[in-house]
There are 2 protein chains.
Amino acid sequence: MDMGNSHQVTIKDIARELNISPSTVSRALKDHPDISKDTKKAVSDLAKKYNYQPNAIALSLRSRKTNTIGVVVPQIVHFFFSNVISGIEDIAYDKGYNVMVCQTNELQEREEKSVQALLASRVDGLLVSLSKETKTYDHLRKVTDGGTPLVFFDRKSDDFDVSSVVIDDYEGGYQATEHLAKQGYKKIAHLAGPLNLTLSKSRYAGYQQALKDYGLDYRRDYVIECANGTIEEGYQKTKPLLDLRDKPDAVFAANDPAAIGALKAIKDSGLRVPQDIGVIGFSDWQLASLVEPALSSISQPGYEMGAEAARLMFKALEAAKGEEVEKENIVLKTNVISRESTQKK
Amino acid sequence: MDMGNSHQVTIKDIARELNISPSTVSRALKDHPDISKDTKKAVSDLAKKYNYQPNAIALSLRSRKTNTIGVVVPQIVHFFFSNVISGIEDIAYDKGYNVMVCQTNELQEREEKSVQALLASRVDGLLVSLSKETKTYDHLRKVTDGGTPLVFFDRKSDDFDVSSVVIDDYEGGYQATEHLAKQGYKKIAHLAGPLNLTLSKSRYAGYQQALKDYGLDYRRDYVIECANGTIEEGYQKTKPLLDLRDKPDAVFAANDPAAIGALKAIKDSGLRVPQDIGVIGFSDWQLASLVEPALSSISQPGYEMGAEAARLMFKALEAAKGEEVEKENIVLKTNVISRESTQKK
DNA sequence: CTGAAAGCGCTTACAG
DNA sequence: CTGAAAGCGCTTACAG
């Protein structure tokens, strides 16, 4: 007897063996009220025996639904993005959806091809975080024009009327600066991120506002742009700050590697952290707890971002056909993680 | 005119507009030699105009190939596994395949459901790293019984005659110990991983062999098991070692967090790293470079593991139907990353 | 050079 | 209570 080895058993196979029609088998399997008890039993027994699994591809073709969502992300290996993916995956799992993941490696061309491939695979919806390189959006226009729900996370384009989830960078910059001010630091410098990015500008703006609100001076020479955000760059760009006649007593770095570089530069110059100079970072990684002294940082809720983005996606997917879905643009709050590097007292 | 908005244009649509049959459109699109130049041009013009994309679902149903591979991984957020996924994704991208990723969160039940879901989605092949909990393998039997290629990575079961890629943990343990010996350390302790895991036992065995090869004493009281592998545990379990009358002059920890804990314990006790005691870890994360002193470590090639596993998968997928594919069980070498914590001289 | 038919695996309106 | 037919979007052997 053919045990269906290396050939997935189909409804037809069951129908043939039972001398009934495929239609009846199909109905029996979904417990349709029309079908007799006996037939149902015979069908379900055989289905169990042969470990029948409905062919999702065939279902997708009929229903025009794949129960799959696509995710396009700049880099899988970044701690932040892997958290986002994890959040998306957990929610999708609960909903019985599969997740296709593509990484762009920060290349627009690869982003375009990935979107294209996911569209060809007829994903039910697409979650996208733009590559740093991406300047044009035709590939995403195709998504929305085709009627496929699109949700942005972390890196969005404002050219689209779609839902999105981003971090509140302004608030993060504010929180970091406020935290330093509350710890008693008065002369707070800022190692900014690349200022062509909105997110860097927002953190910078939050920094300025917090200075104002806490009655501290804003000094242009206390702000230095770190274009790459590496440890090395943080180290090099902190040195001149320490050579100032009126040197800062705290540093807020817009990313953790730069903060770690600052930490080293300060220690190398013979000053103490946090007694002489406090340092706070902005966390892309989970590294901050390991340096010495442990680095205070602003945490970005990656997992939550993924879960929220997925939630917005399912909201769109579950809407009745044609029903207009209200777009949400969610801004997630950051949190201050206070560690040794800012414990002035 | 209907621009096909919110309805992907099909071959039928093009056929209708051109008053030809779908068969002809299909052939024209694939540049079939039978079709006239004029027809081809008309078809391809219209396809371009409407941005026609072949429906991959329909193709899959016909060809019984989805051009999708499934990945089942314990945790997406682990640096090591995210590297593996990244490696898989890059290779799959080059081959024009999509990747579905499921995480089990180390739960057997979720592993079973994920495998089941991927099978239902008719992935062409499955790459699996077992959850820590997994004790039975019926869900994976279904994969191989159904004729779907299976490849294990990192955590495998030996009950299957399938290809696999793992890390050479024995060699890694050997390398770590050898490195310490070559740096001039003589009394090398070992913070072992949970010894019910094969990988911990292998690292331990490599440690023992290297001691022997370098003429160093193996002392049972120099070996301590760290069940959780946390920083805290590494800290606590290192202290007794430092209280020994004849204390070790080096520590090989089977994982990085434990090594970092050891580092702290040693520094807290007033001893210096690397002058008094050398420390080397085994790297699950990318953290080792950040602690002070920077931690030497054994690196596990996660990206390469993913790329190799994908390569093995495509080897199976590209084999002619029915052709027997030779199974490969690849063991990837680790590398010594030498940093400050072992620079005795 | 082109088309009608069958089929991939399923569902469901229609008919009996 | 059950079945034949049509269709999801495509391809291809067969016929002309």
Side-chain angles (χ1 to χ4, degrees), chain A residues 4 6-44 46-47 50-68 119-124 146-147 321, chain B residues 4 6-44 46-47 50-68 119-124 146-147 321:
Chain A
S6 120
H7 155 73
Q8 297 272 1
V9 168
T10 69
I11 273 186
K12 256 169 114 173
D13 297 323
I14 296 177
R16 194 180 315 117
E17 181 152 343
L18 255 31
N19 267 317
I20 56 179
S21 77
S23 331
T24 303
V25 174
S26 173
R27 291 192 185 96
L29 285 170
K30 30 182 40 73
D31 204 24
H32 189 109
D34 274 0
I35 305 297
S36 77
K37 263 193 163 171
D38 291 353
T39 306
K40 279 181 186 169
K41 172 135 179 51
V43 167
S44 87
L46 212 54
Y50 289 147
N51 187 31
Y52 168 77
Q53 304 288 1
N55 184 324
I57 301 299
L59 293 172
S60 295
L61 185 58
R62 272 209 97 237
S63 64
R64 290 187 193 71
K65 283 197 56 201
T66 53
N67 281 295
T68 298
L119 233 36
S121 293
R122 296 298 196 270
V123 293
D124 292 337
K321 193 74 186 170
Chain B
S6 119
H7 155 75
Q8 296 275 1
V9 169
T10 70
I11 273 185
K12 256 168 116 174
D13 297 323
I14 295 178
R16 194 180 314 117
E17 181 152 342
L18 254 30
N19 268 316
I20 55 179
S21 76
S23 330
T24 302
V25 174
S26 172
R27 291 192 185 98
L29 285 169
K30 28 183 40 74
D31 205 24
H32 188 110
D34 275 359
I35 305 297
S36 78
K37 264 194 163 169
D38 291 355
T39 307
K40 278 181 186 168
K41 172 136 179 51
V43 167
S44 87
L46 213 55
Y50 289 149
N51 187 31
Y52 168 76
Q53 305 288 1
N55 183 324
I57 301 299
L59 293 173
S60 296
L61 185 57
R62 270 210 99 235
S63 64
R64 291 186 192 74
K65 283 197 55 199
T66 52
N67 280 294
T68 298
L119 233 36
S121 293
R122 296 299 195 268
V123 293
D124 292 339
K321 193 75 185 171

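All values below come from the heavy atoms of this structure, side chains included, with hydrogens, waters and symmetry mates left out. Throughout, protein chains are lettered first and strands after them, A, B, ... in sequence-line order, and every chain is numbered starting at 1.
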Quiz item: How long is the gap from CD on Q8(A) to CG on N51(A), to the nearest 0.5 Å?
Solution: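 Output value for this atom pair is 7.5 Å.
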Self-check item: Spatial distance of atom NZ (K65(B)) from atom CG (L59(B)) [nearest 0.5 Å]
Solution: 11.0 Å
Return yes if some donor-acceptor pair links the side-chain N/O of [X] with the main-chain N/O of [Y] below 3.5 Å, else return no.
X	Y	value
K12(A)	S21(A)	no
S60(A)	A58(A)	no
K41(A)	S36(A)	no
T66(A)	R122(A)	yes

[N] [atom2] sits how many Å from [X] [atom1], rounded?
X	N	atom1	atom2	value
R64(A)	dT12(C)	CZ	P	13 Å
N19(B)	dT2(C)	CG	C1'	13 Å
D13(A)	dG7(C)	CG	P	15 Å
K30(A)	dG9(C)	NZ	P	16 Å
N55(B)	dG9(D)	CG	P	7 Å
L61(B)	dC8(C)	CG	C1'	4 Å
H32(A)	dC10(C)	NE2	P	18 Å
R16(A)	dG9(C)	CZ	P	10 Å

Quiz item: When you compare dA4(C) with dA6(D), how far apart are their P atoms, in angstrom units rounded to a whole number?
Solution: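 Comparing P positions in dA4(C) and dA6(D) gives a spacing of 16 Å.
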Quiz prompt | Gap in Å between the two C1' atoms, one belonging to dG16(D) and one to dT12(D), rounded | solution = 16 Å
Quiz item: In this structure, which one of L46(B), I20(B), D13(B) forms a side chain to side chain contact (heavy atoms under 4.5 Å, CB included) with V25(B)?
Solution: I20(B)
Quiz item: Between D31(B), T39(B), D38(B), which is the residue that forms a side chain to side chain contact (heavy atoms under 4.5 Å, CB included) with I35(B)?
Solution: T39(B)
Quiz item: Reckon S63(A) touches a base, only the sugar-phosphate, or nothing at all at heavy-atom distances under 4.0 Å?
Solution: nothing
Quiz item: So what does I20(A) hit on the nucleic acid, given a heavy-atom distance under 4.0 Å: a base, only sugar-phosphate, or nothing?
Solution: sugar-phosphate
Is the distance from OP1 or OP2 of [N] to the nearest side-chain N or O of [X] less than 4.0 Å?
X	N	result
K12(B)	dC8(D)	yes
S60(A)	dC8(D)	no
S26(B)	dC10(D)	no
S21(A)	dA4(D)	no

Exercise. Report the residue (R62(B) or I35(A)) whose heavy-atom-nearest nucleotide on DNA chain D is the more 5′ of the two.
Key: I35(A)
Quiz prompt | 5' precedence on DNA chain C between D34(A) and I11(A) (nearest-nucleotide basis) | solution = I11(A)
Self-check item: P22(B) or I57(A), whichever maps to the more 5' nucleotide of DNA chain C
Solution: P22(B)
Exercise. Using a 3.5 Å limit on both pairing distances, list the dot-bracket string of DNA chain C from the 5' end; Watson-Crick and G-U wobble pairs count, crossing pairs take [ ], interstrand pairs take |.
Key: |||.||||||||.|||
So, under a plain 3.5 Å distance rule, would you say the side chain of [X] forms a donor-acceptor pair with the base of [N]?
X	N	answer
S23(B)	dA4(C)	yes
R27(A)	dG3(D)	yes
R122(A)	dG9(D)	no

